[in-house]
Amino acid sequence: MTVDTTAAAAAPATGESDLPPTTGTRVTNWAANYIDERTSISGLVKELGRKIFPDHWSFMLGEVALYSFVVILLSGTFLTFFFQPSMAVVTYNGSYAPLKGIQMSTALSSTLNISFDVRGGLLLRQVHHWAALLFIAAIGLHMLRIYFTGAFRKPREINWIIGFVLFILALAEGFTGYSLPDDLLSGNGLRIINGMVEGIPVVGTWIDYLLFGGEFPGTAIIGRFYSLHILLLPAILVAALGAHMVLLIVNKHTQFAGPGRTEGNVVGSPIMPVFAAKAGGFFFIIFGVIMLTASFVTINPVWLYGPYDPSPISAGTQPDWYIGFADGALRLVPPHWEFMLGPYTVSMNIIIPILVLLVLLALVAAYPFFEAWVTGDKREHHIADRPRNAPTRTAIGAAGVTFYGVLWAAASSDLIATHFMLTVESVIHVLQALLIVGPFISYHVAKRICIALQKKDREVALHGFESGRIVRLPGGEYVEVHEQLSDYERWKLVSFDDNAPIMLRPNKDGKITAGARLRARASNWFFEDRIAPVSLTEIEQQHHEHAAVES
Amino acid sequence: MADQGTGSGTDVEKYDAAVPTGTGIVTSDRIENPGFEPVRLRVSELDPKKDKANERRVALMFGLSMIGSAGAIAAYIIFPIVPGDPGSVRTNTFLLGLGLALGLFGIGFGAVHWAKSLMDGHDLVEFRHGTRGSDATRAKAAEVFHLGNKESGIGRRHLIRNTLIGALVFFPLPGIVVFRDLAPAADPNQLLKFTMWKKGTRLTKDPSGVPIKASDVTLGSVFHVIPDGLNDLPDKLEQKAKAAVLLMRLKPEDLHVSKGRESWNYQGIIAYSKICTHVGCPVALYEQQTHHLLCPCHQSTFDITHEAEVIFGPANRPLPQLPITIDSEGYLVAQSDFHEPVGPSFWERKH
Ligand code: FES
């Protein structure tokens with residue numbers, strides 16, 4: 001690894017290394033030697049210790065996800081010491097008076113005991129829940145950051161897929177964990193899963209029967225979800241997370257364009273000590289934020305919901321926010337989407353939303369490969385794009401976010417209706433329409449905004465920015481003086497890549513295949529209306545004109 | 001420092017010169033990277049007093065962290081949970097959390113402040129290397145596979161290779177089969193098609209199990225109903241998930257009764273399955289004015305005056321009706337089980 005230490009040398013020398021060794025350094029030296037002679041860890045430290053991490057606020061989103069996961073592991077382990085994943089019926093006899101004497105599952109009664117009889121139990125339950133919500137939110141935002149800056153391009157496509165798997169695992173962890181207390185709310189969530197699985201053609205009835213270990217709700221599901229929640233899913237999650245980090249180290253972090261930054265270098269702080277201190281400190285801050293939230297804000301008060309019972313339900317029940325898009329997809333289906341296929345029932349009202357969700361997720365996973373195919377670009381990319389400089393990608397992203405957002409809003413259709421005093425019907429109809437046209441509108445609006453911003457960038461790069469200073473020309477007219485940018489400032493605006501659509505060319509047999517045609521068309525669409533970065537000639541021309549005006 | 005970072009010649013750039021750029025335009029008319037901006041020193045690097053102040057600030061935060069953690073222990077001991085007093089739980093949670101949060105924030109903000117104000121903050125540069133291995137390494141790796149193939153003969157000995165593939169395909173199959181006993185031997189299709197309602201089962205109040213007299217059901221009232229005897233069953237929840245019923249009384253002239261169902265209501269008293277035909281939530285909301293039943297999960301709406309047909313929402317089928325009458329003592333009873341499976345649709349529902 002080549003590290004430029006010139007900057008470090010420019011800093012005031014502390015001269016510590018010249019001092020005679022103190023007891024402290026002697027102990028550290030001894031320990032380092034002891035470990036290295038048994039592990040040859042010095043190689044690793046030499047390789048990684050001064051690795052460079054670029055700095056940008058948006059790079060911290062992934063860190064937030066990582067740190068909240070650590071908090072989840074810590075708090076979750078504590079909870080396992082008290083939680084009993086059993087659906088055996090007991091009569092509650094703990095300290096929460098309103099439920100005393102009520103029959104409930106052991107799972108719920110142990111959850112109540114954690115909340116009301118274990119000191120710090122409620123706190124850690126809330127830490128666990130808040131950290132989980134933050135975990136999923138941070139993963140989502142992190143994915144958006146990667147997407148909109150093109151950080152999924154070669155060589156990071158595989159890490160995008162791993163990250164996608166992590167996202168799915170996080171959702172699965174969220175849902176299984178939410179179900180464990182076996183309260184009324186989570187039980188109704190399970191009931192919906194039960195109904196959805198039953199709606200799957202051919203195998204649904206049997207899968208559901210096996211999953212619940214008999215008829216719904218049965219006595220098995222909590223124990224099974226527990227195994228998944230604390231063993232199988234976290235094991236896969238940790239392994240995938242490890243691979244994610246290893247590839248992050250191998251590929252090194254992307255950086256935004258800036259003076260001196262190229263595709264061939266990475267500019268930022270070394271792990272030891274600056275990045276370690278910042279990141280380590282940031283972990284404690286995230287942990288602190290979660291802890292503070294958990295001590296102030298009640299979440300999932302299962303004692304108010306009571307035990308699961310298939311009959312009661314309260315109006316306006318909401319799943320945790322991250323399940324909303326799936327719930328919303330179910331709600332947007334118009335009536336009567338079900339038909340008979342001979343003697344069999346085909347529940348399109350369930351199949352279609354499931355397919356829509358699967359396709360949406362598949363598109364997310366596949367996007368890097370799609371873009372690589374459209375551009376034909378096989379180079380490595382380490383400079384993150386500004387979203388405006390890839391207008392079509394940004395527009396596709398905006399369309400996707402809109403689609404997701406409409407599904408998500410649909411999960412609260414009843415709350416929206418009561419809040420704005422509308423009928424549920426009208427809210428659903430508007431959302432149904434928005435689900436179809438919304439993405440197209442967002443696509444076009446986002447694309448126009450990107451191109452407008454790019455034009456503005458060109459303008460500023462060429463003519464400078466308005467200084468607010470008005471001067472009077474000899475001819476009597478007033479003009480505002482434009483301040484030219486420095487080379488450094490300009491570089492940020494002009495350093496993006498220019499692209500042209502793929503040309504339609506016959507292959508080596510002299511044929512034009514349908515695939516090639518499709519690709520050329522896709523490429524044309526992807527790069528239409530593109531704005532080229534300011535070129536050197538343009539700058540020089542501009543300078544001449546400028547000089548001509550001045551003289 | 002500037003030129004070292006921008007000079008070309010790293011692996012990434014060398015390798016990239018040889019790979020297709022696709023649609024990327026490599027132009028000679030590009031504006032040159034101006035190189036790094038000159039380094040500016042921080043105040044604390046120039047002013048030893050500021051440096052000292054920052055050092056004290058960091059130490060103060062670490063000190064606060066210790067106080068917070070100690071406070072958390074104190075809160076744990078001083079504010080125990082008093083059984084039956086939810087207020088004590090709140091106090092314990094709040095103060096314990098506050099102490100812990102302070103302990104965490106102190107370390108966090110201290111470390112970040114240390115990094116930002118006292119550590120060398122100048123950007124360093126590291127060169128990237130192409131992600132692909134060098135040609136020599138790749139040749140060596142290919143050689144490894146080549147040797148593996150040669151020495152094992154896997155490419156040559158087709159019989160071994162194919163039987164191995166066969167064995168690997170077969171070996172997970174028992175692992176799938178053993179999942180059969182995740183659920184009991186019965187056929188779920190049969191279970192889903194019947195509920196515990198039988199001829200003569202009394203309709204009782206949910207959850208108390210008190211039987212309901214026809215005269216109790218006044219016009220406009222609604223009862224949540226379970227079959228008599230449900231509460232004594234060991235599989236109470238499973239049965240309830242199929243057998244829950246809503247009971248209402250409408251004016252007989254408001255009901256649009258279809259052929260064959262004329263006797264299913266008793267003087268305008270009607271009973272419908274409470275389990276949504278969408279994905280099974282309890283359809284628990286009754287709008288008296290409109291005689292609509294609303295499912296709170298996905299807003300499927302059923303019109304009771306028209307035998308619970310779906311007028312809005314994702315459900316397809318009307319809620320199944322339970323035929324009812326009264327027994328000799330005037331209590332409401334079922335005439336039979338439902339005439340179709342209740343709850344969510346499933347593939348073999350009509351089979
Ligand atoms: S479960 Fe009733 S509408 Fe979905």
Side-chain angles (χ1 to χ4, degrees), chain A residues 2-4 6-7 11 52 95 120 122-123 155 191-192 195 198 205 209-210 213-215 259-260 264-267 274 277-278 281 284-285 287-288 291-292 295 310-311 313 315 330-331 333 335-336 338 343-345 347 349 375-379 424 487-488 491 494 497-500 535-536, chain B residues 1 4-5 10 12-13 16 19-20 22-25 29 31 34-37 83-84 93-94 96-97 100-101 104-105 107-108 111-112 115 119-120 122-127 131 182-183 188 191 206 237-238 240-241 244 279-280 282 284 296 298-299 310 314 316 344-347 349-351:
Chain A
T2 338
V3 171
D4 180 351
T6 336
I52 301 302
S95 320
L122 179 60
L123 180 67
R191 177 84 219 208
I192 293 173
E198 276 184 0
T205 317
Y209 184 61
L210 294 175
E215 281 194 281
N265 68 13
V266 48
V267 181
V274 178
K278 274 190 196 166
F284 283 97
I285 292 174
F287 201 165
M291 186 63 74
L292 204 61
S295 51
S311 180
I313 193 167
L330 284 175
R331 291 184 187 214
V333 176
H336 304 304
E338 191 174 283
Y344 297 112
T345 307
S347 310
N349 50 359
T375 60
D377 193 346
K378 303 241 177 342
R379 292 170 299 174
V424 178
D487 285 351
Y488 303 122
W491 177 246
V494 302
D497 274 339
D498 191 14
N499 292 281
S535 70
L536 200 56
Chain B
M1 136 173 187
Q4 290 195 21
T10 65
V12 173
E13 282 154 353
D16 269 8
V19 302
T23 56
I25 298 173
D29 197 21
I31 297 174
F36 292 102
E37 285 184 78
T93 303
F94 178 66
L96 188 62
L100 284 165
L104 295 162
F105 279 140
I107 299 177
V112 170
M119 292 183 192
D120 183 346
H122 306 299
D123 279 346
L124 299 185
V125 182
E126 181 185 339
F127 287 115
T131 308
L182 278 176
L191 298 172
D206 178 20
L237 288 186
E238 290 73 30
K240 194 169 183 180
V279 288
H298 314 103
Q299 281 78 46
V310 179
N316 175 57
S345 296
F346 54 99
W347 181 249
R349 208 181 82 86
K350 283 261 173 123
H351 194 54

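Order of the sequence lines sets the chain letters (A, B, ...), proteins ahead of strands, with each chain counted from 1. The analysis underlying the following values was restricted to heavy atoms, covering all of them including side chains, and did not include hydrogens, waters or symmetry mates.
- Taking all atoms of both residues into account, the shortest heavy-atom contact from B/G97 to A/M291 is O-CG, 3.4 Å.
- When B/V310, B/D29, B/L100, B/I107 are compared by the number of non-hydrogen pairs under 4.5 Å with chain A, B/D29 comes out ahead.
- A/T345 and A/E338 form no side-chain donor-acceptor contact under 3.5 Å, judged by distance and modelled atom types alone.
- Taking CG of B/L124 as the reference point, atom CG of A/N265 lies at 11.5 Å (rounded to 0.5 Å).
- In terms of non-hydrogen atom pairs under 4.5 Å with chain A, the most contact-rich of B/V19, B/I31, B/V112 is B/I31.
- Within 6.0 Å of the NE2 atom in A/H336, the count of heavy atoms belonging to other residues, nucleotides or ligands exceeds 12.
- Taking OG1 from A/T205 and CH2 from B/W347, the interatomic distance works out to 9.5 Å, rounded to the nearest 0.5 Å.
- Within the 4.5 Å cutoff, the side chain of A/P259 has no heavy atoms near those of the B/F36 side chain.
- Contacts with chain B were tallied for A/P155, A/G288, A/G214; A/G288 has the most, counting heavy-atom pairs under 4.5 Å.
- The candidate with the highest count of non-hydrogen atom pairs below 4.5 Å against chain B, out of A/I313, A/N499, A/V274, is A/N499.
- Per-residue heavy-atom pair counts under 4.5 Å with chain B were compared for A/A277, A/G213, A/P310, and the maximum is reached by A/P310.
- Using a 4.5 Å cut-off between heavy atoms, A/S347 touches chain B through its side chain atoms alone.
- Taking chain B as the reference chain and counting heavy-atom pairs below 4.5 Å, the highest number among A/D377, A/V266, A/N349, A/D487 is found for A/V266.
- The contact between B/E238 and chain A is made by backbone and side chain atoms together, counting heavy-atom distances below 4.5 Å.
- Using a 4.5 Å cut-off between heavy atoms, B/D206 touches chain A through its side chain atoms alone.
- At distances below 3.5 Å, at least one donor-acceptor pair connects side-chain atoms of A/R191 with backbone N or O atoms of B/G280.
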